[in-house]
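Notes follow the structure.
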There are 2 protein chains.
Amino acid sequence: MAGVQKAKSEETHRRVLKAAIAAVEAGGMEAVNIRKIAADAGYSVGSVYKHFEDQDALLLAVNSVTLGRIKNLMASTVETVDEPLERLKVLALAYLAFARDNRNLWITLFSHQLPEGKPVPEWHMQENIALLGFIAAPLRELEPTMLEEDLAARTRTAFAAVHGLVTISLEARFVGLSGEKLEEEMNFLVERLAG
Amino acid sequence: MAGVQKAKSEETHRRVLKAAIAAVEAGGMEAVNIRKIAADAGYSVGSVYKHFEDQDALLLAVNSVTLGRIKNLMASTVETVDEPLERLKVLALAYLAFARDNRNLWITLFSHQLPEGKPVPEWHMQENIALLGFIAAPLRELEPTMLEEDLAARTRTAFAAVHGLVTISLEARFVGLSGEKLEEEMNFLVERLAG
DNA sequence: TCAAAAGATGAACGTTGTTCACTATTTGAC
DNA sequence: GTCAAATAGTGAACAACGTTCATCTTTTGA
C-alpha cells in the first residue's frame with residue numbers, strides 16, 4: 001500500500017477519531033453514535049468499521065488520546081519543580097485540573113468498560129502504567145532505601161488516592177468539595193502520603 | 001388501592017428488582033436487558049415499566065440496594081472495634097472486601113451515569129452521604145478540636161482515597177495490587193491520613 | 001351488580017451497532 | 001498504457017435494544 005491509498009487511509013482514520021473525540025467532549029461516552037460520527041467525519045458507517053473494529057475499539061482509541069494528553073501535561077508539569085514532595089503536589093493538582101477541564105474525556109477514560117471476555121489490550125495497559133513513572137521518581141527521591149517492590153506498591157497507592165479524590169469530586173452523587181478547599185485537601189493528601 | 005392489588009404490586013416490584021440485581025451480579029450493568037429481566041421475573045416488558053420509569057430508574061433501584069448492603073456491612077463493622085484509628089482501618093477493609101466480593105454490583109454503583117439533564121435524585125445522594133457518617137465519627141474522636149467544616153472535608157478526602165485504592169485495584173487497565181499487599185497498603189493509607 | 005381503577009400483556013416503533021454485497025479508486029506487474 | 005488484483009468507500013438490511021400504548025383481565029368499592 002503506497003502513496004494515495006496510505007494518505008487516504010490515514011486521513012479517514014484521523015477524521016473519524018477526531019469526530020469521536022469531539023462527540024465524547026460534547027456529550028460523553030453515550031454520544032459516540034456511529035452514524036453521527038460517520039456523518040461528522042464525512043464518511044459512511046461502513047468506513048468507520050474499516051478503521052475501528054467496533055465501538056469499543058473506537059472508544060479505546062479516544063481513551064488512548066486522552067491518556068496521551070494527560071501524559072503530556074504531567075511531563076511538562078514535572079519539569080517545573082525540583083523538590084520531590086512539591087513535584088508530587090503539582091502533579092496531583094495537574095491531574096485534578098485535567099479532569100475538571102476535560103470532564104467528559106476523563107470520565108470516559110475511566111468508566112468505559114470492555115465487555116466480558118475482551119481483555120484490555122496490553123498496549124493500553126502500558127499507557128496507563130506509564131503514568132505511574134511520574135509518581136515513582138519523586139517517591140524514590142524521598143525514600144532512597146525503599147525496596148523496589150514496596151515502591152511500586154506505594155506508587156499505586158499514591159496514584160489511587162489522588163485518583164479517588166478527583167473521582168469523588170466530579171461525581172454528582174456526592175456533594176463534592178469545590179474549588180480551593182479541594183486543592184487544600186489534595187495537598188494534605190499528598191503531604192500525608194509522601195511527606 | 002387495597003388488599004390483593006397492593007400485594008400484587010409489591011410482589012411485581014420486588015421480583016423485577018430481584019431479577020435486575022441478579023442480572024447485574026451475573027453480567028454487570030450491560031446485562032440489564034428489559035426483556036430478559038421481565039422474563040426472569042415472570043412478567044411482560046410492559047409490567048416492568050409500570051414499576052420503574054425507565055432503565056436508569058431500575059439501575060438506580062439496584063444501586064440503592066447495593067448502597068444499603070454496604071451500609072449494613074459498615075454498620076456491623078464499626079460495632080466490632082472501639083479504638084477510632086483501628087475502626088477506620090476495618091471500615092476501609094470492609095469496603096474493599098465488599099467490592100471484591102460483589103464486583104459487578106460495586107462497579108455498577110459507581111459507573112452508572114444518568115444522562116445529561118437527569119440529576120441524581122436527592123434521596124440517592126443522601127444514601128451516599130450517609131456512608132460518610134461512619135468515617136466522620138472516628139475522625140472526630142481523633143481530632144476533637146477540628147472545625148466542623150474541616151472535618152467534613154477531611155471525611156470526604158479519607159473516603160475518596162480509600163475509594164480510589166479500591167477502584168484501581170479492581171480496574172483491569174492497571175496491574176493492581178493483589179491480596180495481602182493491597183490490605184497492607186490500605187492500612188498504610190488510613191494510618192497516614194488519620195493517624 | 002357493575003362501572004371505574006389498576007394490573008398485565010405483547011405487538012409495534014424508532015434508534016442503535018454491525019454486516020456485507022456492491023461500486024469506485026488505486027496499485028503494480030506486464 | 002492495460003488490466004486484474006487490492007484497497008477505499010457506500011448504504012441498504014438485519015438483529016437487538018428501550019420504550020410506548022391499545023388492549024384485555026382482574027380487582028375494587030359504592
Side-chain angles (χ1 to χ4, degrees), chain A residues 1-21 23-24 26-63 108 111-118, chain B residues 1-21 23-24 26-63 108 111-118:
Chain A
M1 185 173 67
V4 176
Q5 280 194 341
K6 190 178 179 189
K8 275 195 176 186
S9 178
E10 280 170 3
E11 195 193 340
T12 306
H13 192 281
R14 197 176 48 77
R15 289 198 356 221
V16 169
L17 181 52
K18 190 179 173 184
I21 292 172
V24 170
M29 224 168 53
E30 313 299 320
V32 177
N33 175 308
I34 305 292
R35 283 177 180 79
K36 187 191 178 310
I37 300 289
D40 286 357
Y43 296 94
S44 65
V45 270
S47 282
V48 173
Y49 285 89
K50 283 276 159 62
H51 293 269
F52 299 93
E53 198 184 342
D54 54 20
Q55 202 180 27
D56 285 321
L58 182 53
L59 279 168
L60 217 58
V62 171
N63 284 344
T108 299
S111 68
H112 171 236
Q113 306 266 358
L114 288 170
E116 284 193 282
K118 273 202 175 182
Chain B
M1 184 175 65
V4 177
Q5 280 193 342
K6 190 180 180 188
K8 275 195 175 184
S9 177
E10 280 171 3
E11 196 193 340
T12 306
H13 191 281
R14 199 177 46 76
R15 282 185 19 208
V16 168
L17 182 51
K18 190 179 174 185
I21 291 172
V24 169
M29 223 169 53
E30 313 300 321
V32 178
N33 174 307
I34 306 291
R35 284 178 179 80
K36 187 190 180 308
I37 300 289
D40 287 357
Y43 296 94
S44 64
V45 271
S47 284
V48 174
Y49 285 90
K50 282 276 158 62
H51 293 270
F52 299 93
E53 198 184 343
D54 54 20
Q55 201 181 27
D56 284 321
L58 183 53
L59 279 168
L60 218 57
V62 171
N63 284 343
T108 298
S111 68
H112 171 235
Q113 307 266 357
L114 288 169
E116 285 192 282
K118 275 204 174 182

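Each chain gets a letter, A, B and so on, in the order its sequence line appears, and its residues count up from 1.
Side-chain contact check for A:Thr12 versus A:Lys50: every heavy-atom pair is 4.5 Å or farther apart. Contact of the B:Ser47 side chain with the B:Val16 side chain is not registered, since no non-hydrogen atoms from C-beta on lie closer than 4.5 Å.
Closest non-hydrogen pair, B:Ala20 versus B:Val62, comes out as CB-CG2, 3.8 Å. Here the shortest heavy-atom pairing between A:Val45 and A:Arg35 reads CG1-CG, 3.7 Å. In plain terms, the two heavy atoms of A:Tyr43 and A:Glu11 that are nearest each other are OH-C, 4.3 Å.
When each of D:dA8, D:dT28, D:dG9 is scored by its nearest atom to the side-chain atoms of A:Lys50, the top-ranked nucleotide is D:dG9. Each of C:dA8, C:dG7, D:dG9 was ranked by its minimum atom distance to the side chain of B:His51; first place goes to C:dA8.
Within the structure, a side-chain polar atom (N or O) of A:Gln55 is placed less than 4.0 Å from OP1 or OP2 of C:dG17. Put simply, B:Thr12 has a side-chain N or O that comes within less than 4.0 Å of OP1 or OP2 on C:dA8. OP1 or OP2 of C:dG17 has at least one side-chain nitrogen or oxygen of A:Asn33 nearer than 4.0 Å.
Between the C1' atom of C:dG28 and the NZ atom of A:Lys6 lies a distance of 17 Å, rounded to the nearest Å. One atom, CZ of A:Arg15, and another, C1' of D:dA8, lie 13 Å apart when rounded to the nearest Å. Rounded to whole Å, atom P of C:dA6 lies 17 Å from atom NE2 of B:His13. Computed from coordinates, the B:His112 NE2 to D:dG18 P distance equals 12 Å when rounded to whole Å. Regarding B:Gln5, its CD atom lies at a distance of 11 Å from the C1' atom of D:dG29, rounded to whole Å. Across the protein-nucleic acid pair, A:Ile34 atom CD1 and C:dG17 atom P stand 5 Å apart, rounded to whole Å. In this structure, the CG atom of B:Asp56 is 13 Å from the C1' atom of D:dT19, given to the nearest Å. Taking atom NZ on B:Lys8 and atom C1' on D:dT28, their separation rounds to 12 Å, with Å as the unit.
Taking a 4.0 Å limit (strictly below) on heavy-atom distances, residues 35-49 of chain B reaches DNA chain D at B:Arg35, B:Tyr49.
Checked against ring pair (Phe, Tyr, Trp, His ring centres under 6.0 Å), A:Phe52 has the following partners two or more places apart in sequence or in another chain: A:His13.
A salt bridge is absent between B:Glu10 and B:Arg14: the closest approach of a Lys/Arg side-chain nitrogen to an acidic carboxylate oxygen does not fall below 4.0 angstrom.
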